[in-house]
Novice: 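Input: one structure, supplied below.
So that the names make sense, note that chain A is the first sequence line, chain B the second, and so on, each numbered from 1.
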Amino acid sequence: MSSIHTDARDTDESFFLKPFNERVYDIVKRIPRGKVATYGQIAALIGSPRASRFVGFALHANPEQGVIPCHRVVFKSGALAPGFAFGGPDRQRKLLEDEGVRFIDSGEQVVVDLSQCRWKA
DNA sequence: GTATTGACGCTTA
DNA sequence: GTAAGCGCCAATA
């Protein structure tokens with residue numbers, strides 16, 4: 001790789017030192033269709049398995065609609081985010097179901113079947 | 001430089 | 001078995 005600049009963040013086009021957010025997007029965009037990843041999983045891929053909360057925050061902070069499949073990111077329990085910003089939790093569930101993700105209808109709590117749809121890096 | 005926040009995750013009461 | 005709180009990491013005010 002090219003030489004490392006002291007303060008790459010000073011440049012907006014720093015490819016070496018991307019913001020945490022962008023790293024999250026990179027991982028989320030790599031999730032294949034029909035699978036879902038958990039916040040902890042993504043955080044682990046980034047290098048900080050404890051930054052799971054920040055992963056979700058990153059998605060909510062810069063939800064590039066059509067670019068970042070936020071609907072493929074779910075809790076470790078399989079539940080969806082409390083405030084999905086795509087049009088409602090029903091919308092997300094439909095999107096995932098349309099991709100082939102299985103859902104477990106536990107009464108009113110609808111969670112993704114991580115047992116089969118959990119994306120593995 | 002300190003304090004607060006934040007789509008989570010885990011431990012403890 | 002259920003409920004609540006704390007902690008982690010990073011960014012922002």
Novice: Do A/Trp119 and A/Val67 share a hydrophobic cluster, counting only Ile, Leu, Val, Met, Phe, Trp and Tyr and linking them when any side-chain heavy atoms are less than 4.5 Å apart?
Specialist: yes

Novice: Rounded to the nearest angstrom, tell me the gap between atom CZ in A/Arg53 and atom P in B/dC10.
Specialist: 13 Å

Novice: Rounding to a whole Å, what distance do you find between A/Phe20:CZ and C/dC8:P?
Specialist: 15 Å

Novice: Side-chain donor or acceptor of A/Arg50 under 3.5 Å from a matching atom on the base of C/dC9?
Specialist: no

Novice: If only atom types and distance count, is the side chain of A/Arg72 paired as donor or acceptor with the main-chain N or O of A/Ile31 below 3.5 Å?
Specialist: yes

Novice: Are A/Leu114 and A/Val111 connected in the hydrophobic side-chain network, where two residues link if heavy atoms are under 4.5 Å apart?
Specialist: no

Novice: Under 4.0 Å between a side-chain N/O of A/Ser48 and OP1 or OP2 of C/dA10, yes or no?
Specialist: yes

Novice: What's A/Phe75 touching, base or sugar-phosphate or nothing? Going by heavy atoms closer than 4.0 Å.
Specialist: sugar-phosphate

Novice: Taking atom P of B/dT5 as reference, at what distance in whole Å does atom CG of A/Asn21 sit?
Specialist: 19 Å

Novice: Given B/dA7, B/dC10, C/dC8, identify the nucleotide with an atom nearest to the side chain of A/Lys76.
Specialist: B/dC10

Novice: Say whether, by atom type as modelled, one donor and one acceptor occur between the side chain of A/Glu99 and the main chain of A/Arg33 under 3.5 angstrom.
Specialist: no

Novice: Please give, in whole Å, the distance from C/dC9 P to A/Arg23 CZ?
Specialist: 15 Å

Novice: Between B/dG9 atom C1' and A/Leu114 atom CG, what is the distance in whole Å?
Specialist: 14 Å

Novice: Measure from the side-chain N and O atoms of A/Tyr39 to the backbone N and O of A/Phe57, and report whether any donor-acceptor pair falls under 3.5 Å.
Specialist: no

Novice: Starting from P on B/dC10, measure out to CD on A/Gln41 and report it in whole angstrom.
Specialist: 12 Å

Novice: I want to verify a distance call: between B/dG6, C/dC9, B/dC8, whose nearest atom is closest to the A/Phe57 side chain?
Specialist: B/dG6

Novice: Take atom CD1 of A/Ile46 and atom P of B/dG9, then tell me their distance rounded to the nearest Å.
Specialist: 13 Å

Novice: Whole Å only: how far is the CZ atom of A/Arg93 from the C1' atom of B/dA7?
Specialist: 19 Å

Novice: Would you mind telling me which of B/dG9, C/dA10, C/dC8 lies closest to the side-chain atoms of A/Thr38?
Specialist: B/dG9

